[in-house]
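Worksheet: the structure to be examined is printed underneath.
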Amino acid sequence: MKKEVALLLDVDYTKEGKSQIVLFFKAKKEKLMLFVPNYLPYLYITNDENPKEIIKKILEADLNGVKAANAICVEKKLFGSEEKTNAIMVFFNSTKELKDAREAIKSLGLNVHKHEFDIPFVKRFLLDSSLEIFSYYEIEYDEKTREIKKFNKTSNLYEPFEIKIGALDIETYSPERFSDPSKDPIIMASYVDKDERVVLCTEKINVNYATKVKDEKELVEKIVEKIKSKDLDLVVTYNGDNFDLPYLKVRATKLKTRFDVGIDGSEPVTVKKTRESATKIRGRPHIDSYQLLRILTRLGVVNLIKMDLESVSKALFNEQKEKIPAEEINKIWNSKKGLERLAEYNLLDSEVAYRIADRYLPLFIELGKLVHYTLFDVTRSSSSQLVEALLSTEASKEDMLIPNKPSDKQVRERIMQSYQGGFVYEPVPGLHENIAVLDFTSLHPTIIISHNVSPDSLNCEHKECIEKNSSPIKYWFCTKKKGFLPKVIQRLFEERVAIKKSLKKLQKGSKEYTLADARQHSLKIILNSFYGTLGYARFRWYSKECAAAVTAWSREYVKMVAEEAKKAGFQILYGDTDSTFIKIPYDKKKEEVLAFVEYINSKLPGVMNLELEGFYRRGIFVTKKSETTQAAKKKYALISEDGTLKIVGFEYVRRDWANIAKETQRMVIKAILEDGSPEKAIAIVKQKIQELRDGKTKKSDLIIYSQIKKDINAYESVGPHVAAAKKAIMQGRDLGESSVVGYIITKCGKSISDKAQLAEYVNEGNYDAEYYIKNQIIPSVIKIISEFGYSEEDLVAGGKQVSLGYFSKG
DNA sequence: TAATTCGCTAGACCGA
DNA sequence: TCGGTCTAGCGAA
């Protein structure tokens, strides 16, 4: 028996024969692969009859050719019920047997309900054991059988292990449209870690980081050797899930070698997901930085226009990086000219992938700990999965059965049912001075906590709850017993408040700070996801009533703040969901705003809290495009007291507008908010229009980005981005669903769509100046400028080229 | 088997 | 050629 302290790196299970959980630990000297004895896949069944008899029948039954390994009776609560009932745990020897048998249980005619039959084995184990990845455990195991006997979480009072991370990237030859691993070789590969940067190639390349290898086989083997000799803990790629790793594996087989980078000498395994794949390496979690960014984009942590490494490098690290398209890679490879460029490109790909992982891993590790997922799973999951995972763990702790997923029919019915969202106040158009913005901190979570919004506390039978805790719509929530969701959310909320407090005492950039910040960030992400998932049709704890009650309360509270502000002598300028914009009259001081906030807080229940978001010198709201009086919601610009511009909703923040228009708009807003000078703004616009007319505007300022959101042939209405994509596809480009296209409106064609071309096919200077003036610059500024009585003519006057055109034709 | 609703706008599409 | 309607995408919260 051996005892030591080790860090839990990963969890997996054996796929052959009996399913057994495998724990991958990082110990002081080596990696450990340990088996968990006596833990089998299982599901629950409930019914009203005598459990003993059911157990007997289940154990005797032939379930689709499978015999249950065991069945025992336990006590469990059904969700929403307080009392425990008998539930039968039915064990199977393997996950495959469980899958085969679960359908057959129904056909036994026993009138039973199945529960928790679709929880993946590893996730099941993690929520039962409460193990957390990247936590340290005192473990005890048998060195011969490799079975783990004990694990206890340790206190963190010792030097943590260094986690070894390495990133790799390959370049492939593609004489045809796509690279085909069954025939097209890997021509180059790069590897980057904390202290090494290297490019491997069969050709000699004149850069100090390149190493020549004898052939492709050696190239693959060198990569394997890097990963093994360094004994990497994490392997990072950029889209390695779908490309690099599967490609390497196929090439290795082709070349009669093995890409055996798993700690047990296994090759990566690719599992098909709905749309894409995920590739696993045993014992060395594979981090696909592309997947990290996709999740972070969905969560709104980062805002990326395009997801290719060049755009990402610029957006995240402000570093320009050259893009070498596939055709050019082939050219370079055929001619062997420009290999240095290709090497640098290849190296930077690994480097950017590495840096993305380095920056965001702390957050994903904390998320993984919080919801009891492996790093592999947490870096490939959706917000609803994270919430579900967290609630599943909590349910398990309370001996509560996890609700089943809804059927397709239920999902369809749920989708049909919509509910009312937040309240948006129609702004007062025009320029305003002395503005204060108030908003509710974590509005939705705090409503859930303060009003005990939960499916299991909905419409209880107590009369006084109806009186005391009715939402503005017909639902009410129990005041006597805390609901499941509020209980969980409150715990997370309180932990976050405490961490945020402790953060103030820590040094920014220190290890402790990074860790605590990642923890509070992970809590924030989960907290903000609860409300949305309540209304998500596939959610196990779905409750449209709860979602609708939350928003009903939100409307009530935000309107209450506006009413009270009016009473207190402030003018309401705007408000959206959780915010209220008020104008401070000249006879009022800032302190009065703070006093007002305090007054509101004294009236708010529970943990609900209104805060001052900030004071602003000036702000502008504009009327809607097609209106002269009605103001546009979700669009405004503010300038703070230190001169910082805050531009919200305007074209400036939208990727589907050309830079030239966005930049012009920003300058116009700045001229107006900073200097209060519409004249200056007009001069700027005129200048930009002139540049466009003179053909001086750079290509990069003309690109409009838009996403292809469905099958390219499924469009009923073919807009410019679809038209441009279709043309590019005809020319052999690989553009599928979800790719972002950057296009330019050129001089050639009739309709706008005719004129749209993918930016990379357009020459400098080939643009439709009139389009960019009429459809980009003018619409982006006209509404702002018209607030000061100016019109379109004032923008083009002097710039009107009628006379010039007339004479030149002359 | 990708968290919600609210809101703005462009440009295609279609019929007069 | 026009004006109204609809599809589509993106952003705010």
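A, B, ... follow the sequence lines: proteins, then strands. Residue 1 opens every chain. What you see is a predicted model; the values in this text were computed from it and never measured.
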Distance in angstrom units between [X] [atom1] and [N] [atom2], rounded:
X        : N      : atom1 : atom2 : answer
A:Leu443 : B:dA3  : CG    : C1'   : 16 Å
A:Lys774 : B:dA10 : NZ    : P     : 14 Å
A:Lys646 : C:dG11 : NZ    : C1'   : 14 Å
A:Ile473 : B:dT5  : CD1   : P     : 13 Å
A:Asn303 : C:dA13 : CG    : P     : 13 Å
A:Phe650 : C:dC10 : CZ    : C1'   : 16 Å
A:Gln776 : B:dA10 : CD    : C1'   : 10 Å
A:Glu388 : B:dA2  : CD    : P     : 11 Å

Looking at every strand, decide which applies to [X] at a 4.0 Å heavy-atom threshold: base, sugar-phosphate, or nothing.
X        : answer
A:Tyr771 : sugar-phosphate
A:Ser418 : sugar-phosphate
A:Tyr636 : sugar-phosphate
A:Gln420 : sugar-phosphate
A:Gly532 : base
A:Phe539 : nothing
A:Asn775 : sugar-phosphate

Side-chain-base donor-acceptor pair under 3.5 Å for A:Arg654 and C:dC10: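 For A:Arg654, whose side chain was compared with the base of C:dC10, there is a donor-acceptor pair (under 3.5 Å).
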base_contact_polar (B:dA2 base, A:Arg294 side chain, donor-acceptor, <3.5 Å): yes
Counting only side-chain N and O atoms of [X], is one of them less than 4.0 Å from OP1 or OP2 of [N]?
X        : N      : value
A:Ser529 : B:dA3  : no
A:Tyr531 : B:dA3  : no
A:Ser382 : B:dA3  : yes
A:Lys635 : C:dG11 : no
A:Arg655 : C:dC10 : yes
A:Lys405 : B:dT1  : yes

Positions of residues 619-628 of chain A (non-hydrogen atom under 4.0 Å from DNA chain B), listed by number: A:Lys624, A:Lys625
Return the nearest nucleotide to the side chain of [X]; candidates are [options].
X        : options               : result
A:Tyr715 : B:dC6, C:dA8, B:dA3   : C:dA8
A:Val424 : B:dG7, C:dT7, B:dA3   : B:dG7
A:Lys634 : C:dG11, B:dC8, B:dC13 : C:dG11
A:Trp657 : C:dA8, C:dA12, B:dA10 : B:dA10
A:His721 : C:dA8, B:dG11, C:dC10 : C:dA8
A:Lys633 : C:dC10, C:dT7, B:dG7  : B:dG7
A:Ser717 : C:dA8, B:dA10, B:dA2  : C:dA8
A:Ser384 : B:dA10, B:dA3, B:dT4  : B:dA3
A:Pro720 : B:dA12, B:dA10, B:dC6 : B:dA12
A:Gln707 : C:dA8, C:dC10, B:dC13 : C:dC10

Residues, nucleotides or ligands: over 12 heavy atoms within 6.0 Å of A:Lys99 NZ: no
Heavy atoms of other groups near A:Lys369 NZ, more than 12 under 6.0 Å: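 Buried by this count: over 12 neighbours within 6.0 Å.
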Separation between CZ of A:Arg414 and CZ of A:Arg538, rounded to the nearest 0.5 Å: 10.0 Å
Check: [X] side chain, [Y] main-chain N or O, donor-acceptor pair, under 3.5 Å:
X        : Y        : value
A:Arg102 : A:Phe117 : yes
A:Arg618 : A:Leu673 : yes
A:Gln707 : A:Val740 : no

Ring centre gap for A:Tyr574 and A:Tyr425 strictly below 6.0 Å: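 Not close enough - the centres of the two rings lie 6.0 Å or further apart.
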Aromatic contact, A:Tyr542 with A:Tyr536 (centres under 6.0 Å):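 When the ring centroids of A:Tyr542 and A:Tyr536 are compared, they turn out to be at least 6.0 Å apart.
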Aromatic plane relationship, A:Phe621 with A:Phe581 - under 30° parallel, 30 to 60° tilted, over 60° perpendicular: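 Because their plane-to-plane angle is over 60°, the rings of A:Phe581 and A:Phe621 count as perpendicular.
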Pairwise C1' distance, B:dA3 and C:dA12 [rounded to whole Å]: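 My reading of the C1' atoms in C:dA12 and B:dA3 gives 15 Å.
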Any side-chain donor near an acceptor of the partner, A:Ser277 and A:Thr270, under 3.5 Å: no
